[in-house]
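Have a look at the structure below, then the notes.
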Amino acid sequence: MASSVRLDLDGNPIKPITICMIGAGGFIGSHLCEKIMAETPHKVLALDVYNDKIKHLLEPDTPWAARIQFHRLNIKQDSRLEGLIKMADLTINLAAICTPADYNTRPLDTIYSNFIDALPVVKYCSENQKRLIHFSTCEVYGKTIGSFLPKDSPLRQDPAYYVLKEDASPCIFGSIEKQRWSYACAKQLIERLIYAEGAENGLEFSIVRPFNWIGPRMDFIPGIDGPSEGVPRVLACFSNNLLRQEPLKLVDGGQSQRTFVYIKDAIEAVLLMIENPARANGHIFNVGNPNNEVTVKQLAEMMTQIYAKVSGEPALEKPTIDVSSKEFYGVGYDDSDKRIPDMTIINQQLGWNPKTSLWDLLESTLTYQHRTYAEAIKKAIAKPVAS
């Protein structure tokens, strides 16, 4: 049980609040709900279309049963939304289509879900003077300035040309026919709208830009707890290949660089925002781990090594194969070269620093994936096909 008096960063007692969490049944939502239930006295109104990832929190005999309520609703067309936002002190919006495979093939859904469907949430918070923590994405930065320099330019090594700062870096997207940027553009516009609501109407807001948060319960494993033809994000894609003993597909040679942060570290940052409104309001926060940078190819190699250790099954002789982005994602795909978050603002405001190394977070995630899915996949593969 949470201890009786918890203090915020300024030494003030933290008052219990009610949180309306939209997208509570997703990867991030499930970890955030877990932490709030286990470590705080706050109440959560959990809104989502699905609740599979938080089922264990909704059992009637938990010590926190009175503090979490699940409301099955789709924010697109539900008249209950404003009432639920009014009942809460704070709204956290996690709802989004956020898998790159969809940006290209479902650009309209992507734009609608990330901009149009988020509009009422912002409006209700603003009109009812409720605080909002909105989840955006590191994709809003688009490409780095450095990616436009000549390949051999020494400036490409200069952090000024690639480190991404919330209050200074430009947002650089590809041309309109590169539909991959439909997501980033929708996310950027909702950020601008929230910022404008703050400036014009006094909305209290914080915006979170996650840089590849990974861990247990991320996305889905195709054909097991998600559609067979679905293409989840890189971690689940690679996990799926490892579980099925297939080579990992490297899009365009896996040369893109990414930084990865462990979900449990990232959730600490969100809890600090929830409980320190005076320090978090009006800010945009990068939440990532600049020390965990790898190319996607290096990520594939690490995951292959770790999975062999976790599962006790030897790795394939040829663990990776190259595919073109056109083959994997379809026409209109484009990519950002490198994503390193500047940590100054979150450090200054909330004193947050990520702790978990890439190796450790991959090991804990792959251990979970193996434990959760290995048997189900063996069964699925072994099933005789009806003639």
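Values below: every heavy atom of this structure, side chains too, minus hydrogens, waters and symmetry copies. For clarity, every value in this text was computed on a predicted model and none was experimentally measured.
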Backbone of [Y] reached by a side-chain donor or acceptor of [X] within 3.5 Å:
X	Y	result
Ser126	Val122	no
Asp78	Arg80	yes
His31	Arg217	no
Asn114	Thr110	yes
Asn289	Pro354	no
Trp64	Leu57	yes
Thr259	Asn291	no
Gln257	Thr295	no
Asp48	Asn51	no

- request: Examine His134 together with Phe205 and report whether their ring centres are nearer than 6.0 Å.
  value: no

query: Salt-bridged, Arg209 to Glu191, with N to O below 4.0 Å?
result: yes

In terms of side-chain heavy atoms, does [X] have a donor or acceptor partner in [Y] at a distance below 3.5 Å?
X	Y	answer
His283	Glu166	no
Asp342	Asn286	no
Asn128	Glu82	yes
Tyr307	Asn241	no

Residues clustered with Tyr50, ILVMFWY side-chain links under 4.5 angstrom: Val49

- prompt: What residues join Phe148 in its hydrophobic cluster, counting side-chain heavy atom gaps under 4.5 Å, either direct or through other members?
  reply: Ile145, Leu149, Leu155, Tyr161, Ile172

query: Which of parallel (below 30°), tilted (30 to 60°) and perpendicular (above 60°) describes Phe135 and Trp213?
result: perpendicular

- request: Starting from the C-alpha separation in whole Å, work towards a yes-or-no answer on salt bridge (charged side-chain N to carboxylate O under 4.0 Å, His left out) for Lys55 and Glu34.
  value: CA-CA 11 Å; Lys55 272 216 169 75; Glu34 263 179 2; over 6 Å; no

Extract all donor-acceptor atom pairs below 3.5 Å that involve side chains of residues 85-94 and protein atoms in other chains or at least two apart in sequence.
residue : atom : partner : partner atom : Å
Asp89   : OD2  : Thr18   : N            : 2.7
Asn93   : OD1  : Ala95   : N            : 3.0

message: Using the rule given for side chain to side chain contact (heavy atoms under 4.5 Å, CB included), can you reason through Arg258 versus Ser256, listing the C-alpha separation, both sets of side-chain angles and the distance that settles it, and then say yes or no?
response: CA-CA 7 Å; Arg258 292 290 181 271; Ser256 294; 3.8 Å; yes

- request: Assess Arg156 against Tyr162: is NZ or CZ under 6.0 Å from the centre of the six-membered ring, and within 45 degrees of the ring's axis?
  value: no

field: Worked check of side chain to side chain contact (heavy atoms under 4.5 Å, CB included) between Val44 and Met37
entry: CA-CA 8 Å; Val44 173; Met37 291 304 117; 3.6 Å; yes

- prompt: Just how far is it from atom CG of Asp265 to atom OG1 of Thr356, taken to the nearest 0.5 Å?
  reply: 3.5 Å

field: Point-to-point distance, once rounded to the nearest 0.5 Å, from CD1 of Ile214 to CG of Leu235
entry: 4.5 Å

